[in-house]
Amino acid sequence: MSSPPTRLAALALGGAALLLGALVLDPATSTAADAVSSPAVARAARLDLAYRVALADPAAHLYRITLDVRNVTDRMLALQMPVWSPGRYARMEFAKNVSAFRATTPDGRAVRWDKEHGARWRVYPGGARALRIEYSVFANDLSGTFSVLDSLHANWNGASLFMYVDGHKADPVRLTIDAPAEWLVMNGESDRLRQREFRFPTYDHLIDTPTEVAPGFLVDSFATDGITYRVMTHYNGAAPTASRERFVRDLERIVRAQNRVISPPPIPRYTFLFHIGFPGGDGMEHLTSTQIINAAPWIDTATVLSGISTGSHEYFHTWNVKRIRPVALGPFDYTREQYQPSLWVAEGWTNYYGNITLHRAGIVPKEHYYRNLARIISVNSESPGRREVSARMASFQAPYFDGAAHAMRHNGVNTWVSYYLMGEGRAALLDLEIRAATNGRRSLDHALRDLKRRTWDAPTASYYLRGRGYTERDVELAASAAAGRDLTAWFARYVGGTEELPWSETLAKVGLRVVVDAQRRYSLEEIPGATVEQVALRAGWLAGTTRD
């Protein structure tokens, strides 16, 4: 059961501030629902870890980070700055923006330290039971990976700011934010807009919680499926009122449609963090929130408002990646980039659901979705790299191309295809194949539900989240169970191999065909005279329904 979007509070970003209503957020926190502890972790000696973020010098884009460590017993503590960030798989080398490192006792006595390599500091307590680590971080990039600090706001993604004590990522941590008293704070764990103190079950949860701190932003909310959804929008300029109301309404439609695919996520609330009209463009999934940046302003006449398509993609990640996750993605090894073969599922299936949800939620007509799918078919049929790299190997090579810097020229245009687009095409084909094989009784939704049962519902394997990560074999088994037949050969040909995808054969099962004109432009059209069964399968696919 849902309620209409409710405007909670807003502050004007230019001129006088206008308070539209008091904001008292749901006091329940959401990390506890996902945090778990294994017996091995419970027996380990824990440190008392408290981080403090100070907006030290906005004009110079410098944060000052303090980490107080208590209950120290070791002769040496290793402090590691992540070299990459979950959701962006290339090495980012965040340590290059760290400066002014200091290590002292709480009373200010300096202790010895050195560096093992560029991202790893070694501190020697000399018998001290408590240490204070301080350092500055330069941050001037608003994105889903990096951080920014300027006179307008502070926005951070944790891996780019926070070191961790090696061997103690599983320990609980506290966070204090030093910011001007009148500034507001919003993240997935905020209970109120001026909250300054936070607790997280582990370091992984700390850096999985992007945060916005600013003099003002817009906050709206809606409730559905027993979950409160907060929509924070930092809009560059004056946000059009009609677009704002439509924006929140469209997000609610997306959430309601996607919650039917598996189930509503097991959290009491979820937070969208949007930056609309700011330079750049990005989106990143998190456990109880998402961070999205879109440079285009809202235009009332637009078919899809700026930020909505990315919001649809990122919200689907709440299950697919953040809970139903590849085995390499959580707990995370932040010391090296991650090579693994399942991003064609993690990102590609998410791309598929993110795009088709726009139609299923009533935001765009089917012709809009047909054009998107035709574009995916074109990429999967025309890109030179499709004959060189399989969907699995494209995933494996993500650290080479997903936001990676290139010091030399490369031949990626001929040897690689985005796993987002390869995975989206295969997800569409699998959905149609499963529907056709089961006479419309099952779909790719059922494969995801089965994948959840095999992994998220399995015995917990680590401190980070419930269950375990999935393997490629898990994906094959879940898809085969949904189809009611063994799809191992299909996966070998089209996922592990580089055979041309069976678009014509599969689309015909729902009365569709691909049309390619003389300029190699692709489009989809409905086959005249399609059978009643083909039309029924197509209607169920477009609506996201089955006959079961």
Side-chain angles (χ1 to χ4, degrees), residues 2 4-7 87 142-145 155 157 186-188 208-210 212 217-225 227-236 239-240 242-262 264-265 267 269-278 280-300 302-322 346-347 349-364 368-369 372 420 424 544:
S2 64
T6 302
R7 181 179 302 168
L142 177 62
S143 82
T145 302
N155 182 277
N157 295 284
M186 179 62 86
N187 61 38
D208 212 359
T209 307
E212 171 75 1
F217 41 67
L218 309 176
V219 182
D220 299 279
S221 76
F222 59 88
T224 188
D225 297 317
I227 301 170
T228 299
Y229 292 86
R230 290 100 57 89
V231 183
M232 186 225 81
T233 307
H234 195 161
Y235 195 90
N236 192 3
S243 291
R244 176 183 174 185
E245 293 172 352
R246 176 184 160 199
F247 184 78
V248 179
R249 185 170 62 249
D250 285 352
L251 283 174
E252 181 177 8
R253 290 174 174 172
I254 288 166
V255 164
R256 294 175 66 186
Q258 292 189 2
N259 282 357
R260 296 196 300 266
V261 174
I262 300 174
I267 53 179
R269 66 187 179 197
Y270 183 87
T271 304
F272 292 93
L273 302 175
F274 284 99
H275 287 80
I276 302 296
F278 290 88
D282 205 353
M284 190 60 67
E285 67 275 6
H286 296 279
L287 200 59
T288 63
S289 63
T290 180
Q291 171 121 282
I292 295 168
I293 300 97
N294 198 305
W298 288 335
I299 300 174
D300 289 345
T303 302
V304 181
L305 288 173
S306 175
I308 286 294
S309 295
T310 309
S312 184
H313 177 98
E314 299 303 337
Y315 182 68
F316 198 78
H317 273 316
T318 308
W319 270 115
N320 191 33
V321 169
K322 297 311 298 181
E347 293 292 354
W349 289 23
T350 299
N351 236 32
Y352 170 66
Y353 277 99
N355 283 319
I356 202 168
T357 293
L358 298 181
H359 172 64
R360 291 174 175 175
I363 296 170
V364 301
H368 185 284
Y369 180 67
N372 178 80
Y420 284 80
E424 183 172 358

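Index from 1, following the sequence.
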Give, for atom OG of S289 and atom CZ of F272, the distance between the pair rounded to the nearest 0.5 Å.
10.0 Å
As an exercise, state the distance from CG of D208 to CG of N157, rounded to the nearest 0.5 Å.
10.0 Å
Which pair of non-hydrogen atoms, one from M186 and one from F217, has the smallest distance, and what is that distance?
CB-CZ, 3.8 Å
Given 3.5 Å as the limit, does a donor-acceptor pair link the side chain of Y270 with the main chain of P265, or not?
no
Counting C-beta onward and ignoring hydrogens, is there a side-chain heavy-atom pair between V255 and F222 closer than 4.5 Å?
yes
Would you check if the distance from the ring center of Y315 to the ring center of Y229 is below 6.0 Å?
yes
So I308 and L251, side-chain contact (heavy atoms from CB on, under 4.5 Å) or not? Walk me through it.
CA-CA 7 Å; I308 286 294; L251 283 174; 4.0 Å; yes
Output yes when a side-chain donor or acceptor of D225 lies under 3.5 Å from a complementary backbone atom of I227, and no otherwise.
no
For A239 and L218, which heavy atoms make the closest approach, and how far apart are they?
CB-CD1, 3.7 Å
Going by atom types alone, do T350 and N320 pair a side-chain donor with an acceptor below 3.5 Å?
yes
From S309 atom OG to N351 atom CG, the distance as rounded to the nearest 0.5 Å
10.0 Å
Within this structure, what is the CZ-CD1 distance for the pair F274 and I293, rounded to the nearest 0.5 Å?
10.5 Å
Any chance you could lay out the side-chain contact (heavy atoms from CB on, under 4.5 Å) test for F247 and V231, step after step, and finish with the verdict?
CA-CA 10 Å; F247 184 78; V231 183; 4.0 Å; yes
Name the orientation class of the two ring planes belonging to Y353 and F316 (parallel below 30°, tilted from 30 to 60°, perpendicular beyond 60°).
parallel
Applying side chain to side chain contact (heavy atoms under 4.5 Å, CB included) between H275 and each of N155, N294, I292, report the one that passes.
N155
Is any side-chain heavy atom of T318 less than 4.5 Å from a side-chain heavy atom of Q258?
no
Taken to the nearest 0.5 Å, the spacing of T209 OG1 from L287 CG works out to 7.5 Å
Tell me the closest heavy-atom pair linking A257 and T357, and the distance in Å.
CB-CG2, 4.1 Å
Residues in side-chain contact (heavy atoms from CB on, under 4.5 Å) with A346, at least two apart?
V321, P326, L343, Y470
Hey, can you tell me if H234 and F278 have their rings parallel, tilted or perpendicular (30° and 60° cut-offs)?
perpendicular
Is a side-chain donor or acceptor of S312 paired with a backbone partner of G354 at a separation under 3.5 angstrom?
yes
Please find the pair of heavy atoms, one from R246 and one from D300, that lie closest to each other, and give the distance.
NH1-O, 2.9 Å
Quick check: do I254 and L358 have side-chain heavy atoms less than 4.5 Å from each other?
yes
Give a yes or no on whether the backbone of R230 and the side-chain of R269 come within a donor-acceptor separation of less than 3.5 Å.
no
Between N187 and H286, is there a side-chain heavy-atom distance shorter than 4.5 Å?
no
Could you report the tightest heavy-atom contact between Y235 and P297, atom names first, then the distance?
OH-CB, 3.4 Å
Would you please name every residue forming a ring pair (Phe, Tyr, Trp, His ring centres under 6.0 Å) with H317, sequence neighbours left out?
H313
Suppose we screen for side-chain contact (heavy atoms from CB on, under 4.5 Å). Which residues come up paired with T145, at least two apart in sequence or across chains?
S85, R88, M92, F94, S143, D282, M284
CD1 on I267 to NZ on K322, rounded to 0.5 Å
11.5 Å
Do the side chain of E314 and the main chain of E285 share a donor and acceptor less than 3.5 angstrom apart?
yes
